[in-house]
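Comments concern the structure below.
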Amino acid sequence: MAWVAPIAPIAPTDPIAPAAPIVPAAPIVPTAPTNGHATNGELSARPTNGAQLGRDERPNGCTAPQLRRFIKSRPYVPMHELRRRFAIDGNDDDVTQVRLEGGHIYVGLPQREGSLLGELLRGGEIGYELSFDPRAPIVVGVYPMRPVPRP
């Protein structure tokens with residue numbers, strides 16, 4: 001059997017001094033942006049009461065020519081890339097119905113941008129890929145339609 005030394009209680013030599021009071025830190029004040037822009041991408045006149053901007057008051061989004069040019073510059077564009085590229089803010093449930101000759105499809109964009117994309121789809125300038133799982137008429141990506149040269 002191994003020998004174990006007896007444990008003696010340790011007597012405190014110094015009384016524990018009370019800690020200094022906790023003082024809250026000063027609030028963080030925004031400094032000048034580091035990217036050289038005056039507003040660092042934020043709106044200069046945000047609503048102060050927490051209200052959100054209406055659909056027509058949004059400063060972001062895109063125009064039809066910008067959308068067309070971006071899609072035609074790539075072989076395939078997923079829908080999330082359109083949202084990211086054009087800073088399209090919206091709710092997760094923003095979906096626009098687009099009527100086509102063969103029925104209708106749904107585009108996961110707010111009404112304004114969804115209708116712009118619908119015009120390009122109806123005009124035959126771009127094609128679309130539908131969701132495979134689940135099988136639904138939801139557009140997951142778009143691609144340019146280049147006209148076939150005819151002799």
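Atoms considered below: every heavy atom in the structure, side chains included; atoms not considered: hydrogens, waters and symmetry mates.
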Worksheet item: Counting only N and O atoms by type, is there a donor-acceptor contact under 3.5 Å from the side chain of R83 to the main-chain atoms of G108?
Response: yes
Practice prompt. Determine the minimum heavy-atom distance between I126 and M145, stating which atoms define it.
Written response: C-CG, 3.3 Å
Fill in: Side chains of L67 and L120 in contact at under 4.5 Å (non-hydrogen atoms)
yes
Worksheet item: Which heavy-atom pair separates P75 from P144 by the least distance, and what is that distance?
Response: O-CD, 3.6 Å
Worksheet item: Under a 4.5 Å cut-off applied to non-hydrogen side-chain atoms, are L121 and I105 in contact?
Response: yes
Practice prompt. Verify whether the ring centers belonging to F86 and F70 lie closer than 6.0 Å.
Written response: yes
Worksheet item: Atom CG in L117, atom SG in C62: separation rounded to 0.5 Å?
Response: 8.5 Å
Worksheet item: With side chains defined as the heavy atoms from C-beta onward, is the minimum distance between Y143 and V77 less than 4.5 Å?
Response: no
Worksheet item: Do the side chain of T96 and the main chain of P110 share a donor and acceptor less than 3.5 angstrom apart?
Response: yes
Worksheet item: Is it true that L100 and V95 fall in one hydrophobic cluster, defined by side-chain heavy atoms closer than 4.5 Å?
Response: no
Worksheet, complete the sentence: Residues E125 and R68: closest non-hydrogen pair is OE1-NE, 2.5 Å
Fill in: Audit row: R122, E119, salt bridge (Lys or Arg N to Asp or Glu O under 4.0 Å) steps and yes/no
CA-CA 5 Å; R122 282 188 293 273; E119 291 174 16; 5.4 Å; no
Discussion item. Measuring from atom CD of E113 to atom CD of Q111, what distance do you get when rounded to the nearest 0.5 angstrom?
Written reply: 9.5 Å
Worksheet item: Which distance, rounded to the nearest 0.5 Å, do you find between the CZ of R99 and the NE2 of H104?
Response: 7.0 Å
Discussion item. Checking Q66 now: which residues fulfil side-chain hydrogen bond (donor to acceptor under 3.5 Å, both in side chains) with it, not counting sequence neighbours?
Written reply: T63
Review item, side-chain donor-acceptor pairs of residues 130-141, under 3.5 Å, at least two apart:
residue	atom	partner	partner atom	Å
S131	OG	P134	O	2.8

